[in-house]
Amino acid sequence: MYGYWEKLINQMDRNSYHDENYLVQELRKGSEEAYGHLFKQYHQELCNYMAAISGDLGLSEDIVQQSFIKLWSNREKLFLKEKSLKKYLFKIAYNLFIDGKRKEKKEYELLESLKQEAYLDMLETDTSLFEERLKKVEAEIENLPEQCKMVFLLSKKEGLKYKEISEKLHISIKTVEVHMTKALKRLKAQLSIFF
Amino acid sequence: MTKLDIRRIITKYINQEASAEEMTILYEWVKKGNNQEVFKKLVQADFLINYQNRSSWESEEAFKQFLETIKEKESKKVRRLFTDKRVWKYAAAVVVLLGSSVYFMVARNASSLTEPRLDPNQITLQLDNGEVISFDPDIDVTVKSKSGGTVVSLKKGVLSQNDMADSKERSKMNVLRVPFGKSLSLTLQDGSVVMLNSGSTLTYPSSFAGMDKREVRLEGEAFFEVAKNPEQPFIVGTKSMYTQVFGTVFNISAYAEDNVAEVVLVEGSVGIGSPDNTLADNLQMLKPSQRASSKGEVGDQFLIENVDVTPYISWTQGILSFENEEMSEIIKRLQRQFNIKIVNKHEKLGERRFTGMFDEEDLDRILRTIQAHTHFSYSKVGNTITITEPQKNNAYDVKK
């Protein structure tokens, strides 16, 4: 029933969708092939991004799906500069994510927009550099002092709150804060050669 | 504030552990010097920590669902007649609202006396020989007038009319009436397209040949896509407004029961004047995204202001849109859209203003959405909805 995916793979050979201007033009027309290409190109990556930001896989998938639909709904107004399609999609997704959260305070808004800028900068780095950074971070986590690493992994991999970590490890919340701050600082320092 | 303190706060913020107080400190700090960059770097480091290269996402399945969703969205918009982007390229929207409720009542009664054969719930086309043809917007038909002089056909919600080439009796005054709860498109002889909204009447000639102007009259609301022809200006007349179109597309709404006359231009060029003063020099020109409005009386001055045009033309896409509109005005629009009578016995509610968009939803959904923002009760009996102040639930007090 849905032959588009298969058709799409053949389409890849024709190469034309790699020209982003052409892709945008076809997306504006509502071409299903073009949307298929868009999915193929960005769906995985966008899901990974949103998962890193939201920490919720199901939510990430939903948000990404809504973003594609939103792009389709607004396709007639789609006018983009070269190489900005990924950013555009990401912005839609990020805004959908933020819309779902409370944001009545201006503090919150400024910090959130700075966060968005930080993520957008990441989108621009090319894949090999991005992978390199990921490996660097992974290695540095391994190198963290024992208790610092334990606290850090409980927070980041197990998703525990500071309070839960303090109870689990019988340490004060202050100590958890110190370990977390130290870990992030060290990881950032490792990355700074790239930035 | 030491460096360590602020790092501790940023780390807490990133991990969603920061208190309101810490958020305020962070906000003040981040505004200074190069601090934004420091903040962003820490966010990026955290992003990389959280990032995992998963390839288990169901992209193919997501794409299938995407196709289903967009197809569903498309089919819900059968009433959406301007599916191609052409409309947005030219779109000039002119909205004219006029009259008073008293005038409306009188006019409706008068018409029911003189035209007893018109079914008020049907889309009807009255030719100038008095013949009346009824249409169902969902059923395609082609009808020849009894005299054989003109052929009217309805295809996919778009009406068109062709005079027989040898016919001497040109239909000069066709009256197309679209009842409440319905809408219809019409292609004029010059190729211009008019989409009529619920409860609207358009008077037009079946051919503009040999005329120095293309003139139509409107009561209600319509979206016009006018074929370019500088030799023959296109004019839309309403009770209190004269709109001359300079080759473009626009939307007019001129409901007798509304108290404002207004014109909104999306793109292109339109001149507005009073019906008693239509010399080109006296027309006020509108720029795109401008709205001209008056109280709806002949000879009134027009107030011109800049607006967001979207809410004024969203009805052509099957979307009901309100922009800071009083509930009493919203009620009028709901009545037209859903062909229903709404009695509001909750006076304060009538003055409250709402902003919102509804895409092909039913009336219950819309009322419930508004209810979520303000308290009122409503009940439906037959074709009438009555809005009342909320029922006070005293059950709890009684128990006490």
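A, B, ... follow the sequence lines: proteins, then strands. Residue 1 opens every chain. Worth knowing before you read on, the calculation uses all heavy atoms, side chains too, and leaves out hydrogens, waters and symmetry mates.
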Taking every heavy atom of B:L42 against every heavy atom of A:K188, the minimum-distance pair comes out as CD2-CD, 3.6 Å

Interchain contact, B:Q65 with chain A, by part (heavy-atom threshold 4.5 Å): both

Pick from B:W57, B:Y51, B:F66 with the largest number of heavy-atom pairs that fall under 4.5 Å of chain A: B:W57

Residue from A:L184, A:D121, A:V178, A:I141 scoring the most non-hydrogen pairs under 4.5 Å with chain B is A:L184

Going by atom types only, do A:D56 and A:S54 share a side-chain donor-acceptor pair under 3.5 Å? no

Quick one: are the ring centres of A:Y119 and B:F47 less than 6.0 Å apart? yes

Quick one: what part of A:K174 sits under 4.5 Å from any heavy atom of chain B, side chain, backbone, both or neither? side chain

Rounded to the nearest 0.5 Å, the OG atom of B:S183 sits from the CE atom of B:M195 at a distance of 4.5 Å

Can you tell which part of A:F152 gets under 4.5 Å to a heavy atom of chain B, answering side chain, backbone, both or neither? side chain

Heavy-atom distance under 4.5 Å to chain A: side chain of B:S55, backbone, both or neither? both

From the list A:V137, A:V64, A:I69, A:L38, the residue making the most non-hydrogen contacts under 4.5 Å with chain B is A:I69

Check the pair B:F39 / A:K115 against side-chain contact (heavy atoms from CB on, under 4.5 Å), numbers first and verdict last. CA-CA 8 Å; B:F39 175 80; A:K115 265 167 92 173; 4.2 Å; yes

Is there a salt bridge (charged side-chain N to carboxylate O under 4.0 Å, His left out) between A:E140 and A:K136? Walk through the geometry before answering. CA-CA 6 Å; A:E140 189 56 25; A:K136 199 96 191 165; over 6 Å; no

Taking side chain as everything from C-beta outward and backbone as N, CA, C, O, which of these in A:K157 sits under 4.5 Å from a heavy atom of chain B? Side chain, backbone, both or neither. side chain

